[in-house]
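Reviewing the structure listed below.
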Amino acid sequence: MTKNSTQSLVLNGQISRWHTFTSQQAINEATLQQILALAEESIAARGAFTIVLAGGNTPKQVYELLRHAKADWSKWHVFHNDDRCLPVDHPERNSLMARQAWLDHVAIPADQIHDIPAERGPVEGAAEYANTLHGVGEFDLVLLGLGEDGHTASLFPGHVWDDSVDAFPVYNSPKPPAERVSISARRLSHTRAVIFLVTGAGKQEAVNNWRSGVAIPATVIKPANGVDVYVFGVALD
């Protein structure tokens with residue numbers, strides 16, 4: 001069995017289903033299989049699959065598995081939940097990581113891979129990405145991570161973000177670089193499915209807060225179908 005347990009919670013108006021895995025390989029493989037299954041379902045139902053990517057080490061491992069998967073790549077449309085205002089070839093860009101790990105190695109049409117133009121600065125980058133997202137409709141899948149402080153995408157504790165727009169500029173990030181572009185919580189919630197990937201003991205406090213009802217940023221992602229939280233290396237009380 002790859003899962004030890006599954007638990008459901010409803011807190012802060014968010015439905016969350018918690019899935020505990022027994023190894024990093026197990027969580028990676030389960031995520032891969034769920035992505036491919038959702039892609040197949042979405043393409044069969046609507047002729048396309050729209051996925052929003054997360055940065056981070058566990059997503060990178062999943063992307064490296066996707067690189068070798070078989071799928072109808074011509075129907076995939078790829079977005080990013082956030083990115084850093086750095087040059088396009090900077091190693092800390094989420095878009096570069098995804099391209100090197102996966103996207104450059106499969107046949108997704110170039111005009112269906114939508115990097116955030118964060119290299120143009122937070123204001124212009126956010127405005128351009130909001131324009132890119134205009135008319136996209138409901139996402140099929142949003143991948144998200146969880147920071148040790150409870151942040152997800154670039155929605156940070158103590159920050160105020162603009163939910164009237166699809167993408168917004170981020171300043172004074174508690175993690176460098178200070179300037180970023182992020183999709184808004186409202187727009188990330190406009191999706192058929194969400195998978196949070198949460199690995200490592202460093203996330204324990206954030207998970208405890210989330211599951212005890214503390215309104216950390218991750219709790220503002222509230223799609224109608226709820227969110228699935230895939231966990232490895234963190235204890236669930």
Side-chain angles (χ1 to χ4, degrees), residues 1-46 49-66 69 71 81 102 138-153 155 157 183 185-237:
M1 293 290 290
T2 58
K3 297 180 185 178
N4 286 333
S5 63
T6 301
Q7 304 172 1
S8 296
L9 296 173
V10 181
L11 294 166
N12 294 303
Q14 180 197 59
I15 302 165
S16 59
R17 294 172 294 272
W18 295 76
H19 311 269
T20 303
F21 292 85
T22 57
S23 68
Q24 186 70 51
Q25 181 180 354
I27 194 172
N28 293 348
E29 187 67 30
T31 306
L32 170 71
Q33 294 306 323
Q34 184 66 358
I35 292 171
L36 293 173
L38 289 171
E40 191 172 320
E41 292 171 13
S42 299
I43 292 167
R46 292 172 294 279
F49 176 57
T50 55
I51 181 171
V52 181
L53 305 185
N57 187 54
T58 295
K60 180 181 179 182
Q61 293 176 50
V62 174
Y63 304 155
E64 288 170 342
L65 294 176
L66 277 166
N81 64 44
W102 166 35
E138 191 173 22
F139 297 128
D140 293 308
L141 173 62
V142 171
L143 297 177
L144 290 166
L146 179 71
E148 294 181 3
D149 59 357
H151 84 268
T152 193
L155 309 174
I183 297 183
R186 173 192 56 78
R187 190 63 181 86
L188 289 170
S189 299
H190 188 45
T191 182
R192 295 178 176 88
V194 170
I195 298 175
F196 278 91
L197 295 173
V198 182
T199 59
K203 310 296 176 68
Q204 188 68 60
E205 182 178 359
V207 166
N208 291 347
N209 286 336
W210 189 348
R211 290 170 56 83
S212 63
V214 177
I216 63 173
T219 65
V220 303
I221 308 301
K222 300 177 182 178
N225 292 333
V227 305
D228 289 280
V229 189
Y230 286 16
V231 174
F232 168 62
V234 179
L236 302 185
D237 295 331

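Scope of the values below: all heavy atoms of this structure, side chains included, with no hydrogens, waters or symmetry mates. Count residues from 1 along the sequence.
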NZ (K222) with more than 12 external heavy atoms under 6.0 Å: yes
Counting only heavy atoms from other residues, nucleotides and ligands, does the tally under 6.0 Å from CD of Q33 exceed 12? yes
Output every pair passing salt bridge (Lys or Arg N to Asp or Glu O under 4.0 Å) with a member in residues 185-205, not counting sequence neighbours, ordered by first then second residue.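 Matches after skipping sequence neighbours: E138-R192, D140-R192, D166-R186, D166-R187.
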Applied to residues 10-32, the salt bridge (Lys or Arg N to Asp or Glu O under 4.0 Å) test, sequence neighbours excluded, yields R17-D228
Would you please name every residue forming a side-chain contact (heavy atoms from CB on, under 4.5 Å) with A206, sequence neighbours left out?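 L146.
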Partners passing side-chain contact (heavy atoms from CB on, under 4.5 Å) against Q204 (at least two apart in sequence or in another chain):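 Q204 satisfies side-chain contact (heavy atoms from CB on, under 4.5 Å) with N208, V234, A235 only.
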Hey, what do you get for [atom1] ([X]) to [atom2] ([Y]), rounding to the nearest 0.5 Å?
X	Y	atom1	atom2	answer
R211	D237	CZ	CG	7.0 Å
I216	D149	CD1	CG	8.5 Å
T20	F232	OG1	CZ	11.0 Å
E40	F49	CD	CZ	11.0 Å
T152	I221	OG1	CD1	6.0 Å
T58	K60	OG1	NZ	11.5 Å

Qualifying ring pair (Phe, Tyr, Trp, His ring centres under 6.0 Å) pairs, either residue in residues 194-215, two or more places apart: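 Of all non-adjacent pairs touching residues 194-215, those that pass ring pair (Phe, Tyr, Trp, His ring centres under 6.0 Å) are W18-W210, F196-W210.
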Quick one: list whatever passes side-chain hydrogen bond (donor to acceptor under 3.5 Å, both in side chains) with Q61, sequence neighbours left out.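 For Q61 the side-chain hydrogen bond (donor to acceptor under 3.5 Å, both in side chains) partners, ignoring immediate neighbours, are N28.
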Side-chain donor/acceptor of Q14 to backbone N/O of A218, under 3.5 Å: yes
